[in-house]
Amino acid sequence: MKEYDPKQIEKKWQKEWEQSGLYTTPNKIEGKENEYVLVEFAYPSGNLHVGHWYAFAVPDIYARYRRMLGKNVLYPMGFDAFGLPAENAAIKNNVNPSEWTFSNIDYMRKQLRSMGASFDWSREVITASPEYYRWTQYLFLKFFEKGLAYQSETPVNWCPGCKTVLANEQVIAGECERCGSKVLKRNMLQWNLRITDYADRLIDDLTSLDWPKHIKDSQINWIGRSEGAEIDFQLTTNNLTPLSSGGARQLTTIKVFTTRPDTIFGATFLAVAPEVAIKLFDNDFGIKSATERENKEKLGVDTGYKAINPANGEEIPIWVVNYVSADYGTGAIMCVPADDERDREFAEKYKLPVLEGYKKAGFEDYGEKVTKYKLRDWVVSRQRYWGCPIPIIHCKDCGAVPVPEKDLPVILPEVLDYLPGNDGKSPLSKVEEWVNTKCPKCGGNALRETDTLDTFVDSSWYFLRYCDPTNDKEFASKEMLQNWMPVNFYSGGAEHTTMHLLYSRFFHKVLFDINLVNESEPYRRRMNRGLIMGTDNQKMSKSRGNVVDPDDYVSRLGADTVRTYLAFIGPYNEVGSYPWNPDAAVGVRRFLERVWKLSEKISEEEEASESTIDPIIKKVSDDISSMKMNTAVSALMILVNSFSEKNSISRKDYETILLLLAPFAPHITEELWHALGHETSIHLATWPTFDESKIIKEIATYAVQVNSKVRATLDLALTADEDEVKAAALALPEVGKWLSGQSPSQIIVVKGRVVNIVI
RNA sequence: GCUGGAGUGGUGAAAUGGUAUACACGCAGCACUCAAAAUGCUGUGGCUGCAAAGCCGUGUGGGUUCAAGUCCCACCUCCAGCACCA
């Protein structure tokens, strides 16, 4: 038999599969159930790295397995093609972002094919193509129609590096998620999506989902719902003495938010955020709010104003402090230094009274029960070129007017100057012939919105488009959505827990409410995968120089080896991080070589060995279902090793091995399958079944313990009853030695496993 | 600080409360070879011992149990997310 040459056979079969349309997924197959296996689509960064393989090839194993179980499995791929990183990279390389993105996509598509994944390329979506973003704009206008997209002048996160606004979710520890620049607060007129309206449902509906607890917890934590009360504090009359700036406001009360209204008797002062102080008193008293982490020292100034504690009638001072956030609750709190660590620290520093041992109040005795959230509305305006144009026209007389549906898509104009400006305006604002337009309502002169949408808007609905990718009447027909949604299994990166995953759930709920989709939750089962580290066990990055190029390994070891190695490296259902170890990958190649060589031992006379193979079928099936690919591979290795020791293997057993291995190593198994005379693809074959009765062993090896320490082992028929097992164990010389004449007080028998003789 | 998760050989890691370290890498020795690579075989937690065997071992300290990596309590360390959120 010829040698195993992955280079040759992998190319051959990839071409063959493509030509025969093996992975083109029909919308319906008679007698088969549809199943939707989704991976987060690719960002067209330029080239594929080992992390992409890990993200796509391991779920591909799952998709292939489900297909062999008789499901009609949709496993699509696309490109998240709009966005800052592509634009930044294009600027750096002095290429137009469009050119950069689309040439990257062409290259990556080729690389992705070398992986031997079962993607249905006929359903590919590219968010930067007008056929796609037409519908992004359409959906944005639906939000607008429902009052869920609105403009507001608010302090926003401004990234001076990317020269654009960021959503809260994109600010990590005060820094830009993309470029690491320190994020500044800036007041700007921005488009927002009203995700806060959905805060409760985004928490409550998690209950029904088959998601790992840690993902649910993170989302709940991020939304940050807390129950509390709003309490009005009356100001004393001396507050009405005129302010220097021209008189007091009609100010009579300050509303505070607290989660502990029961502690109101202990409140000895009020604290307000500087921004709130400006609103109330026209003065921030020189205090700046401490939003940055490093500014931890608590600062404050007594405003001189006083309020009455409604519980005990005491007059208490009002302070402006840097540790109260203006954008949470009411921006004002009642301070109970006896009960709250921060208030105590502040009270001690400024010698404010601390009232220990005060009386407790009822929850709603002095205020009204309210629920507050940490979640903010989603700022979707981006002052950048490479994004989906916001389909709004600003008219002096009519205000913000939606572009009529028939005029969609609003095509992103080709420009020469796509560099972001320092003025906070999108490069599109310089394209006068594009900006100047007519108002669709009154026909007067009007201006187009020049901001583009956050990339996360594009990716909030891409999985719906896969269901009906070429529809030019709707973003997806209800029939096709019914056909595929909800996603049965969604695999992706942990970094999207409070971004993409939250945004797309919100998006889907809105579409559900306006009856455009059939379900309120898009993803039934979700799994966050781990990370592949460099050989130095550090996160892969260009600056560290530890980025692993999979192409090298594919040409040296073969795609099948790389795929199987990535499956073998550790459990996929845990968010671990695994170093890329080329030596260990060699071990997987050796395993595939053994499978190849084993075909020489096929004997038509040999009988199938269910007792050996059936437990492995069960093990591999169970492990793939729960994404424990590592132990599935290990079980296959054990199986192949045991057959390699023998002189011959039956044809049926060998075929079973190939079938079990097919999802992991699709090329070598296809080659060997055909070498056995099969004319159709192994990937159309049915997953092996097993006989439960063959899984139960006939002979059991008992661990024989004396006082819980293993002293011997004992092979007995599983049918042996407890007394027989006891007698056999007691007859062992090793046991006699430890008993040394004493009689046991207790003998415990665990059928098929353990005998414990307790003296 | 809060929320979640994890600590097992030289390494990646296995283990329904029931023989801890499967599988793989690495390492050592042997075979094949002029040699090397490749391949195959053997060994590989620590300590004592020529051996037979024995003792100790899953971050630390307690507990439950005939039996604990696994369950309970306390602590330590690491990872992820959140963080002056009242």
Side-chain angles (χ1 to χ4, degrees), chain A residues 172-174 212-222 224-226 228 256-261 263 271 273 289-291 293 295-298 321-325 327-336 339-343 345-346 372-375 494-495 497-498 528 530-531 533 537 565 568-571 574-588 590-591 593-594 597 628 630-639 641 644 701-714 734 737 744-759:
Chain A
I172 311 295
K213 187 175 164 22
H214 69 269
I215 304 182
K216 292 187 182 183
D217 285 342
S218 289
Q219 290 207 348
I220 291 167
N221 204 322
W222 179 263
R225 176 163 65 187
S226 54
V256 306
F257 174 71
T258 177
T259 53
R260 296 292 306 278
T263 65
S289 54
T291 47
R293 271 157 208 249
N295 190 1
K296 282 250 170 182
E297 201 201 340
K298 289 187 175 42
V321 303
N322 65 348
Y323 72 95
V324 169
S325 315
D327 57 356
Y328 182 77
T330 59
I333 60 170
M334 63 175 207
C335 297
V336 186
D339 221 60
D340 185 286
E341 241 179 80
R342 295 154 305 180
D343 295 344
E345 186 192 328
F346 188 82
K372 297 284 181 192
Y373 306 88
K374 289 189 220 173
L375 185 72
E495 70 275 17
T497 299
T498 51
N528 284 359
L531 215 57
M533 315 295 264
N537 207 3
Y565 171 60
F568 186 57
I569 201 165
E574 282 171 31
V575 189
S577 56
Y578 309 106
W580 173 261
N581 180 352
D583 290 331
V586 166
V588 172
R590 285 181 193 147
F591 161 63
E593 296 272 3
R594 280 200 292 278
K597 276 203 194 118
K628 290 185 202 159
N630 54 332
T631 47
V633 174
S634 151
L636 285 169
M637 285 174 168
I638 292 167
L639 182 66
N641 288 349
S644 296
T701 303
Y702 283 84
V704 181
Q705 303 176 331
V706 178
N707 283 341
S708 310
K709 279 192 195 266
V710 180
R711 299 299 180 184
T713 58
L714 183 62
E734 293 92 335
K737 180 178 135 193
S745 63
Q746 193 185 358
I747 302 177
I748 286 148
V749 176
V750 181
K751 199 171 171 100
R753 290 186 176 274
V754 163
V755 192
N756 191 5
I757 298 160
V758 185
I759 303 169

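Letters A, B, ... mirror the listed sequences (proteins, then strands); counts begin at 1.
For the pair A:Lys298 and A:Tyr323, the cation sits on the ring face: its NZ or CZ lies under 6.0 Å from the ring centre, inside 45° of the axis.
Nearest nucleotide to the A:His214 side chain, out of B:rG4, B:rA53, B:rC66: B:rG4. Which of B:rA86, B:rG81, B:rG18 sits closest to the side chain of A:Gln705 comes down to B:rG18. Counting only heavy atoms from C-beta on, A:Asn581 has its side chain closest to B:rC25 among B:rC25, B:rA22, B:rA53. Here B:rA86 is the nucleotide among B:rA86, B:rC55, B:rC66 with the atom lying nearest to any side-chain atom of A:Tyr328. Among B:rC84, B:rG18, B:rU19, the nucleotide with an atom closest to any side-chain atom of A:Val710 is B:rU19. The A:Val750 side chain lies nearest to B:rG18 when the options are B:rC66, B:rU19, B:rG18. Closest to the A:Ile748 side chain, of the nucleotides B:rC66, B:rC82, B:rU3, is B:rC66. Side-chain proximity of A:Arg590 to B:rC25, B:rA86, B:rC82: nearest is B:rC25. With B:rC56, B:rC25, B:rG12 as the candidates, the nucleotide lying closest to the side chain of A:Lys709 is B:rC56. Of the candidates B:rA86, B:rA22, B:rA24, the closest approach to any side-chain atom of A:Ser325 belongs to B:rA86.
For A:Ser226, a side-chain nitrogen or oxygen approaches OP1 or OP2 of B:rA86 to under 4.0 Å. The phosphate of B:rA24 has OP1 or OP2 within less than 4.0 Å of a side-chain N or O from A:Asn641. Of the side-chain N and O atoms in A:Arg594, none sit less than 4.0 angstrom from OP1 or OP2 of B:rA38.
B:rG4 shows a glycosidic angle more than 90° from 0 and is accordingly assigned anti.
Here, B:rA68 and B:rC2 have their C1' atoms 31 Å apart, quoted to the whole Å. Remark: the separation of the P atoms in B:rC75 and B:rU3 is 13 Å, to the nearest Å. Atom name C1', nucleotides B:rA36 and B:rA22: the rounded distance is 33 Å, in whole Å.
Residue contacts shown for A:Ile569 are limited to sugar-phosphate atoms, with no base heavy atom under 4.0 Å away. Nucleic acid contact class of A:Glu341 (heavy atoms, under 4.0 Å, all strands): none. Counting non-hydrogen atoms under 4.0 angstrom, A:Tyr578 reaches the backbone sugars and phosphates but no base. Residue contacts for A:Val324: at a heavy-atom cut-off of 4.0 Å it reaches a base atom on one of the strands shown. Nucleic acid contact class of A:Asp327 (heavy atoms, under 4.0 Å, all strands): none. Nucleic acid contact class of A:Gly587 (heavy atoms, under 4.0 Å, all strands): sugar-phosphate only.
No hydrogens or angles were tested; on distance alone, a donor-acceptor pair under 3.5 Å links the side chain of A:Asn756 to the base of B:rC66. For B:rU16, its base sits under 3.5 Å from the side chain of A:Arg753 at one donor and acceptor pair at least.
Remark: the backbone N or O of A:Leu531 is not paired with any side-chain donor or acceptor of A:Ser577 at under 3.5 angstrom.
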